[in-house]
Every structure is written in structure tokens, then in C-alpha cells.
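All remarks here apply to the structure that follows.
Here is how names work: the chains are called A, B, and so on, in the same order as the sequence lines, proteins then strands, and each is numbered from 1. Side-chain atoms are counted along with the backbone in the values below, which use heavy atoms only and exclude waters and symmetry mates.
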Amino acid sequence: MADVRIITANEAAALAAKLCKVQVVAAYPITPQTPVTEDLAAMIESGELKSEYLTVESEHSAMASVVAASQVGARVFTATSANGLLYMHEMLHWAAGSRVPVVTACVNRGVGAPWTILNDQQDSIAQRDTGWIQLYCRNSQEVLDTIIQAYRIAEQVLIPVMVCYDGFILSHTSYPVEVPPQDDVDRYLPPLDGNLGIIGGGYMNVNPLILSEPRLDPNSDLRPGYMDIRYRLHEDLRKALDAIGQADKEFEAIFGRGWGGLIWEYGMVDAEHVLVSMGSLASECTLAADELRSQGLRAGVIAVRAYRPFPDAALSRALRKAKTVTVFEKDVSYGYLGALATDLRSALFDAGLTPKVCSFVAGLGGRDVRPEQLTRTAADAILKQPALGWIDLKGIA
Amino acid sequence: MATRAARDLPTEEFILPGSRSCAACGLMLTYRHALKALDPGKTLVAVPASCMTVLHGVYPITPVKVTCINTPFAATAASASGLVAGLKAIKREDYTVVAFAGDGGTYDIGIQALSGALERGTNFMYVCYDNEGYMNTGTQRSSASPAAAVTSTTPILAKAQHKKDMIRIVEAHRIPYIATASPSFPLDLFDKVKTAKDIRGSRYLEVLAPCPPGWGFPNKDLIKMGKLTVECGIHVLYEIREGRLRLTSRSLVLAEKGRKKTIADYVKGQTRFKKISKDQIDALQQWTDQRWEEFLQRHNRG
Ligand SMILES: Cc1ncc(C[n+]2csc(CCOP(=O)(O)OP(=O)(O)O)c2C)c(N)n1
Ligand code: SF4
């Protein structure tokens, strides 16, 4: 009998960390991530999960301590949201540069000022260029499964992974979630032998000062300069596209569920008009696609699951027959378009594809996005002039 | 047992020729003696952005025989906490975790992470080498710089405020061991690091580390300058265990025999005090005397 529980995405995230047998947790509370830190504390205090728990005094310290714990070989976990994630920013770069397999949940929330505790994805999008893998989940089951996959990916490619899910919409909403048996998780995710050579080895200077040009080491071997090391991170991040797809395939083989790997597709077999989004908004887009189909427009949906590394080839392949691509996203690159729309246009341009691409910013700071709105906006984009803009603005005359 | 003579210090060196610190660097000398008191093969040192980063060498060469984990400037004590937790998780508690940070990385940007780590009772040693300024970035003021010092961010009027009383802040965390030291009193320094190594819980050491380019004195005077800091009483050597303060080494002798050197003697040989006025010397002397009295009283109270 499957173990199905009615739980929130936050509970699913904490359970996933437990199933992965994390050894060091460090976290600092922030709405809407807080229940994750509380659940893990209770699991660890009760002895249900054998792990160290660092009740640090800030998110900067949370990330600093899990990076260090990871460097000596422990499997680590932390979670945060919004201003907490921004407070980690320096350490996010440091984690990726350190090539440690840290896994972090980001419970997506809008960032101040003005204060909001409600959902959008500006927080994680603002961390796009830190060198992390970013995976976006559509529902609580995907959150649980993706955190398990995240360790598999991170420990294979030695790049940290951020698993993102929408605050309140997922974090505080209960849904049935199947909790996989521990044995299966152990089979999928063997214990970590992650010691980066710090323990039991010789003397090391980890993450030292580096020059721009290559230099000889004491054995007269040429070692790379800063730019070369950074290129390696970039190259490995690009290669992680395969690892992300593979991790999902192998997950499906054991657990009987997959999430599409890099992108998730809905009604795409014959779709001419495609709604593209990330996270729970992508699930909502399926309602709009159904409605558009009933109006005679062949619509489909793509959820971008892996945002970094960007799945340009997978997207171009899936969109090669598209006439209209309507991107709905809960973030904006201020002064230009939504971040996803920008990246997608660039990918399509490189692939020589020229569908009409429309960028819509929606649902910032928790503003409700209704399926009718998505339908209407997408229909306008399909049938009228290419539209760019923010949907459902109010009260600004 | 206190170490009595320099010849009793271990002869093995862990900082090899080729260190990138300046000549006559008080920090380098501090680190040299501290490593002798540790077991460098079983030690992880967490180091923030500072002169320590530079001392540890430029990739791919390090002149120091200890594993050093470089961390961002504010993160030293948090990184050390992570190392401690990670070692516990993988059952390698035979390693000692030591943080080694400057006064900027301790008094200023790193104070939050340090306070967090001390409050949690993290099992590690934190050494603040205090060279009284942001030396790595070119001698800017820190909250550890003394009053009346000219720094590159107090270039005309000199620093108006006295040095922050960091040890009182550290003491408020009620940790098992706190000590001060000086590279000019290596036996005392060595003994304190050794003592701290064997204590469980958070241990804090603060070493006043003279810096020739930052303070403005000739390289040849490094040891003399370190001695003068103690002789004049601006730096006091002591340890605090379970709340009890005990003067040590030269400061203990001065407590019995009285101090002969004054602040006027101390500031004379340093260009950072080139603008110091008579009133400022008096104020610094008064500040020093008052602290000295407090230490004496605590020492005598036992
Ligand atoms: C977040 C951050 N801000 C500023 C710096 C620049 N910075 C590097 S070292 C340093 C001064 C370090 O001063 P201190 O801790 O006293 O050590 P010292 O250089 O004197 O050894 C500064 C300001 C930095 N690396 N990171
Ligand atoms: S600036 Fe001062 S502390 Fe830094 S390396 Fe030089 S002498 Fe040492």
C-alpha cells in the first residue's frame, strides 16, 4: 500500500530531507518557509532524523555553515524565502564556486520593499546568475520528489541545487502526497562520500586567492586561473542538463513517477499556441489551455522545470511548430521583460524559430491570477498584435 | 605547566618560507606560534578575507602546513560552525576547528556570526588577531582602531572614538575560556592556545598583532612594539576561565611591580599617531589606566 498523506509542500520538503538522510541542517525562519525549519527541528529533536541542526542567527550564516559542513563530506540541507535568500546572495556564489552539493529549498515569495509575504518568484530569479541549478515545482508531490532528485544531481555534478516552489499556494496548501518507502530512496540515493579531500588528506588551501593567469604548482604542473575555473563551472552547469534529465528518468524507473526532466509538457502534441510558465502557475495554465481549445485554438502548456541550466534545446524542440508563445511569469527583469521570456526568446532566435513571443508579468506579491485572465490574455496575444505587459494592474490610474 | 623558555617550544615550523605577509608581520608571528600549539594535521582553520588570506598564499601554492578553509568576510564563525557540525556528522571529532580572523572580521562585519556561534556554544576556538584596522585593504579604520589614530578613512581628523571593548561583548556569552596574548610574548601565547585547544565549547583568544605598515614603525621594532603594548598597559595579558580573570606573563609582573611606560612612550614611535595632541594622549592614558584598574581589581578578586 502506498503511503499517501495529506500534507503541504513545506511538510513534503522536510520529509524529503529526512528521506535523504541529511546530516547537517542549518536554517533561519522566514515566512513562508518557516514550517520547514520547524518540522526538521522536531524530527531531529525526537531522534527520528539523525542530523545536526544549527539554529543559526541569519541566512548568511545558514548558507555559510552548510557549505562548510558539505566541504567535510556531510549531506546538508537548508531552506529559505525572499529576503532570506537575498541575504544569502554572497554565500550562494560562494557555494557554487566551492563546488559543493548543497541542496536548498526556496519557498518563493516577493521581496521588499514594500513588504510582502506573499508569493512571486522574484527572489529565486534574482539568484539566477549565482551558478546554481534551479528547479521549479508545480505541486507538492513534485517538491518531495525533486528534493530527492536534487541530491542525486548535486552529488553527481558537484553543483548546488535550489528547489523552488510557490509560497502559500503550495507551501501552505494540503494535497495528497505519496511518501516513498525509505528503501527505495536509499537505493536511488546512496550515502554520500562527499569529503572533498579536506579530511584525512594532506594540507589544503580551499578556495584561496587566485590570479588571472595560470600558474605552476610545486610539481610544475600548470593550474588554471580564475577565469578558467569559472568556465569549468559554467561548462559543468551546461552538462548538468543531461544529469537533470537522467535523474528524473531513473527516479521514474524506481518510483513510477517522472516530472518531465527539464521541461514538462501538456497538450503539446499538436499545439500551435503555447503557454509557458514555471511553478504552480504552469499548472494553472493548463486550465487556460483547455479553455482555449474549446474556443478552437490549439493550445498547449510548457512548464520550465530546470531554469538554470536553461533548457534551450529542449524548449526549441518542443516549440518548433508553435505560432504563438505566451509566457506568464511571476518575476521581472526591471527595465526589460520577464526573465524567462527574455531567455526563451534568445533560445528561439538561436534555433532560427520566429513565433510570436509575448511576455506577461503576473501575480507579483501574491496578486491572484485567475484562469479566465490567463485565457483572455493568451487569446488576445494569439489573435491580436503581440502584447507585452503586466496583467491585472489596478488602482494606478 | 607554563612553558618557561623559548627552547621548549616545538621546533617544527608550519609556516614555510614564501608566505605573502609583509616582513615583520605580527599576525604571521602569532600564527606561527599558534600552529605549534595546535596539531596542524588534525586542525581545520577557517579564514575570512583579510591579511590571513594573503598569508596563506596564492593558488596553487600555500606556504602553510594546515588545511585552511577560506570563507567570505562575514562568515568566519558560521563556516567554523558548519565545519564542527560536519565533522560531528561524519564522526571525525578528532579534528580541532579554529577560526582565525582580523579585527575587522571580528569586531565589525563578523560580529553577528561570531555572537551566534558563541551563543550556541559551538565547540571551536576563535582567534582574533587584532592589528587595529582593515590592513588588507590599506589601513582603513575599524572599530578596534585606537582613538587618535590616523587611518586612510580618518585621514585628517584621526579616529574620534576609543576602541570597542570586544572582550566584554564576548564575555557576555559566558564561554568557558577567553584569553589575550601578544606575539612578543610567545610562551604565553603558545600556552594559551594549547590550553584552549583542550577545552570543550567556545574559546576566544585575542592577540594584539602589531603591523609595521599599518601602524607606521620600522620592521626591526616588531617585537619591541609588541612588548611596549603590554608594558604601557594598552594591551593586557590575561585569561578568563569561568568568569575568573587572571593576569598572566608580563602583565602579572607589572601588576606586582607597577607600570613604567606611558601612552606618550607608546605613541611616539608610530606614524599613525602623528597628529595626536597632548589632550588626546591624556585621554588615551586615562582610558588605559581605568581599564588597567578594572583588570587589577578582577585579578585580585580571584
Ligand atoms: C563583504 C565584504 N566586504 C568587504 C570586503 C573587502 N575586505 C577584504 S579584507 C578587508 C579588511 C579586513 O580587515 P581585518 O578583518 O581587520 O583583517 P586584516 O586585513 O587587518 O588582516 C576588507 C574590508 C570583502 N572581502 N567582503
Ligand atoms: S599589512 Fe600588517 S597585518 Fe597585514 S600582512 Fe602586512 S604586516 Fe601583516
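Across every non-hydrogen atom of H60(A) and A75(B), the tightest pair is CE1-CB, 3.8 Å. Heavy-atom minimum distance, N205(A) versus H56(B): ND2-O, 2.9 Å. Nearest heavy atoms, A74(A) versus A89(B): CB-CB, 4.2 Å. The minimum heavy-atom distance between S81(B) and L54(A), with the atom names listed, is O-CD1, 3.9 Å. Listed here is the closest heavy atom pair of P208(A) and G57(B): CB-O, 4.4 Å. Nearest approach of I199(A) to R92(B), heavy atoms of both residues: CG2-NH1, 3.7 Å.
Other residues, nucleotides and ligands place more than 12 heavy atoms under 6.0 Å from the CG atom of D198(B). Within a 6.0 Å sphere centred on CZ of F73(B), other residues, nucleotides and ligands contribute more than 12 heavy atoms. Atom CD of E235(A) has more than 12 neighbouring heavy atoms from other residues, nucleotides or ligands inside a 6.0 Å radius. Counting heavy atoms of neighbouring residues, nucleotides and ligands inside a 6.0 Å radius, atom NZ of K88(B) does not exceed 12 of them.
A distance of 11.0 Å separates OG1 in T62(B) from CE in M204(A), rounded to the nearest 0.5 Å. We find the CE-OG distance between M91(A) and S79(B) to be 5.5 Å, quoted to the nearest 0.5 Å. From R120(B), atom CZ reaches atom OG of S65(A) across 7.0 Å, with rounding to the nearest 0.5 Å. Remark: N207(A) CG to Y59(B) OH distance equals 10.5 Å, nearest 0.5 Å. If you take CZ on R75(A) and CD1 on I90(B), they are separated by 13.5 Å, rounding to the nearest 0.5 Å. Rounded to the nearest 0.5 Å, atoms CZ (F14(B)) and OH (Y203(A)) are 6.5 Å apart.
Note: I61(B) leads I61(B), V64(B), V47(B), V84(B) in heavy-atom pairs under 4.5 Å with chain A. If you tally non-hydrogen atom pairs under 4.5 Å between each of V76(A), V67(A), L216(A) and chain B, the highest count goes to L216(A). By number of non-hydrogen pairs under 4.5 angstrom with chain A, the leading residue of G41(B), A77(B), A74(B), A78(B) is A78(B). Of the listed residues (V66(B), V45(B), N70(B)), the one with the most heavy-atom contacts under 4.5 Å to chain A is N70(B). Interface remark: of the candidates P60(B), G116(B), G86(B), P40(B), P60(B) forms the most heavy-atom pairs closer than 4.5 Å to chain A. The residue among T55(A), L192(A), V206(A), D221(A) with the most heavy atom pairs within less than 4.5 Å of chain B is V206(A). For the set G225(A), S98(A), P224(A), A68(A), the count of heavy-atom pairs under 4.5 angstrom toward chain B peaks at A68(A). Residue with the most contacts toward chain A among L87(B), T76(B), T53(B): L87(B) (heavy-atom pairs, distance under 4.5 Å).
For L222(A), no part lies under 4.5 angstrom from a heavy atom of chain B. For chain A, the nearby part of T71(B) is the backbone; its heavy atoms alone come within less than 4.5 Å. Heavy-atom distances place both the backbone and the side chain of Q23(A) under 4.5 Å from chain B.
A donor-acceptor contact under 3.5 angstrom links the side chains of Q112(B) and S58(A), judged on distance only.
Side-chain N or O atoms of R215(A) include one that pairs as donor or acceptor with a backbone N or O of V58(B) at under 3.5 Å.
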